[in-house]
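Computed from heavy atoms alone, side chains included, the values below leave out hydrogens, waters and symmetry copies. Each chain gets a letter, A, B and so on, in the order its sequence line appears, and its residues count up from 1.
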Amino acid sequence: MNLDLKNYTLFLADNALILGQRLGEWCGHGPVLEQDIALTNISLDHLGQSRMLLQYAAKQVGNGATEDSLAFFRNEGEFRNLLITELPNNDWAYTLAKHFLFDTFNFFQYEFLMNSKDETIQAIARKAIKEIAYHAQFSAEWIIRMGDGTEESHQRVQNAIDELWMYTGEMFVADSSSEAMTKAAVAPDYALLKEQWQEKVSQVLEIATLVKPEEGWMQKGGREGKHTEHMGYILAEMQHLPRTYPTAKW
Amino acid sequence: MQIKFVKYPRFIAMGEVQLEKRFQDYLDGENKIEPKDWMPDAYRKTLIRQISQHAHSEVVGMLPEANWISRAPSLRRKVALLAKVQDEAGHGLYLYSAAETLGIDRSELVDDLLSGKAKYSSIFNYPTVSWADMGAIGWLVDGAAIANQVMLCRTSYGPYARAMVRICKEESFHQRQGYEIMLSLANGTAEQKQMAQDALNRWWWPSLMMFGPTDDLSPNSAQSMKWKIKRKSNDELRQEFIDKTVPQAEFLGLTVPDKDLKWNEEKQGYDYGEIDWEEFYNVVKGNGPCNKQRLADRVKAHEAGAWVREAANAYAAKEAKRKADKGQAA
Ligand SMILES: [Fe+2]
Ligand SMILES: [Fe+2]
């Protein structure tokens, strides 16, 4: 087994899984039915992507591992998702700002992965890119709508962007497994993605009449399994049933 | 020169009494009423009440199942549950649209729900306390809904009937999905089987109550039948549901919690025990275990969403103005 490839696959899978899990919390509680449905769609897309990636990771892990054993029986330190994906939803502005910052990154990441040297990742990326492009479009449109909407929405989304900014640095700092995968042309060069991301984010924030925060101090750790306080609760809830009845099939 | 009377093609220049007779004849001929057709005021009101209640039920009905999305025990089940709850939101949308064809605004209907003036199906005032409830709801609650909705596919109001055709297809899928959850549990570990039995025990009677009061105590039914909004009585639908569901419970190896349940050879259907109508009326009145919580959740979502809806409207207005200004400049 190529440990770096496994870790990198899990990085991609866990980002999608935790985002999907978080977004699912909105289902039934959206500001209007149409947006409730839209957000659930995005959650379903992420979960679908995470399943394909977890199945691939499970194949690499072997020993009877499955998508479910990886989702439900790994401990917090084994999850490699970015911290921004595990942050709570708070309000609509915070959720959409979180997604906008991540989706823009994810779009450029998957654009590269469509030509990844790993065939399975390449195939998954080609399948997922349409969804991911739509997510980036959807969240950017909401940033603009809120930024250029009312005074209240402007303030809320500006605050959200400001608060979330320190979780964006981690996107562009590769861990050792990602680095190895970059060398093997499986993964993009994350430092290089930053430029594309900066440009797109600046452009959207400008149209939205929002202020782009200063660079500042950045949080990190997710890629290496060091998480925020929120992660434990996500896993406690998500993993509760399979862990309570470890021999059960559902 | 063409002369058209498209607006009131079938009912032109008649007095109210004549109109009502023509309306009834038209219904008796198994024709569908369309939004622009003349209809008695009471027919319109009955439909608005029924369709909006139905829409509210779809939307409030999302909550007890959404409660388990974060805890679904496998990724396959999580995705399926999420998609199911999303379908229910879609049903809410179709039905609000059908109600709007009767000349009422969705926002007015939603306000009535949130103020507690409008009703929704009482079944959603029961709690979902175990994963097996996701199975039992799909199997029994969607199952009971289907019995009612298959009949409504032939209801006399066109837009309602057409919405029901779309909805019924998805509901059958939900029911199969629910039954499949029950099947996995019933064939699983002893604890899982117990979970399934417990869910059946809790959902069986409330599901039977979904068909409403017995025929002798159902005051609006006769008129609804005459207008062909309803085509079967509450008791008929309930009996059909029981006859279909009992063998399914047997196949699961679970016990229906009714000691009076017995096959009646003569009527070729099951006899069943007395429904606790006191509980039913109490839950309708607001005393169910989750009435307050469900409504509070809807109110919270609506209020927390107010600034989002305002922002979207404000932005749309700005965009429209920018477009108009640009057009003028050009
Ligand atoms: Fe439904
Ligand atoms: Fe359903």
Side chain from CB out, backbone as N, CA, C, O: work out which of these in [X] comes under 4.5 Å of a heavy atom of chain B, or both, or neither.
X: Trp26(A); result: neither
X: Leu54(A); result: side chain
X: Arg156(A); result: side chain

Open item on the list: Given 3.5 Å as the limit, does a donor-acceptor pair link the side chain of Gln86(B) with the main chain of Ile37(A), or not?
Closed with: yes
Open item on the list: Has Arg145(A) got a side-chain atom pairing as donor or acceptor with Val308(B)'s backbone, closer than 3.5 angstrom?
Closed with: no
Of the backbone (N, CA, C, O) and the side chain (C-beta and beyond), which part of [X] lies under 4.5 Å from a heavy atom of chain A, both, or neither?
X: Val60(B); answer: neither
X: Ala304(B); answer: neither
X: Lys78(B); answer: side chain
X: Leu93(B); answer: both
X: Ala72(B); answer: backbone

Within-4.5 Å side-chain heavy-atom neighbours: [X] and [Y]:
X: Asp36(A); Y: Met62(B); value: yes
X: Tyr96(B); Y: Leu33(A); value: yes
X: Leu241(A); Y: Trp68(B); value: yes
X: Tyr245(A); Y: Met195(B); value: yes
X: Arg76(B); Y: Trp250(A); value: no
X: Arg309(B); Y: Trp92(A); value: no
X: Thr150(A); Y: Trp307(B); value: no
X: Phe72(A); Y: Leu75(B); value: yes

Under 4.5 Å, counting heavy-atom pairs only, tell me which of [options] racks up the most with chain B.
options: Arg243(A), Met146(A), Glu34(A); answer: Glu34(A)
options: Glu152(A), Gln35(A), His240(A); answer: Glu152(A)
options: Ala71(A), Cys27(A), Gly20(A); answer: Cys27(A)

- [ ] Take Ser184(B) and Lys249(A), measure what side chain to side chain contact (heavy atoms under 4.5 Å, CB included) needs, and give me the verdict at the end.
- [x] CA-CA 7 Å; Ser184(B) 302; Lys249(A) 300 245 180 323; over 6 Å; no
[atom1]/[X]: more than 12 non-hydrogen atoms of other groups inside 6.0 Å:
X: Arg126(A); atom1: CZ; value: yes
X: Phe251(B); atom1: CZ; value: no
X: Lys212(A); atom1: NZ; value: yes
X: Phe138(A); atom1: CZ; value: yes

Over all heavy atoms of both residues, which pair between [X] and [Y] is shortest? Give the atoms and the distance, please.
X: Leu82(B); Y: Gly24(A); value: CD1-CA, 4.2 Å
X: Ala248(A); Y: Thr189(B); value: CA-CG2, 4.1 Å
X: Pro73(B); Y: Pro242(A); value: O-CG, 3.3 Å

Open item on the list: Between Asp148(A) and Arg322(B), does any NZ, NE, NH1 or NH2 come within less than 4.0 Å of an OD or OE carboxylate oxygen?
Closed with: yes
Task: Glu25(A)/Arg71(B) ion pair, N-O < 4.0 Å - done: no
Open item on the list: Rounded at 0.5 Å granularity, tell me how far OG in Ser70(B) sits from CE in Met238(A).
Closed with: 10.0 Å
Heavy-atom pair count under 4.5 Å with chain A, highest-scoring of [options]:
options: Ala311(B), Ala83(B), Gly61(B); value: Ala311(B)
options: Ala316(B), Gly135(B), Ala301(B); value: Ala301(B)
options: Glu319(B), Glu310(B), Glu191(B); value: Glu191(B)
options: Gly90(B), Ala66(B), Ser74(B), Ala306(B); value: Ser74(B)

Task: Criterion side chain to side chain contact (heavy atoms under 4.5 Å, CB included) on His302(B) and Val32(A), from CA distance to verdict - done: CA-CA 7 Å; His302(B) 188 75; Val32(A) 62; over 6 Å; no
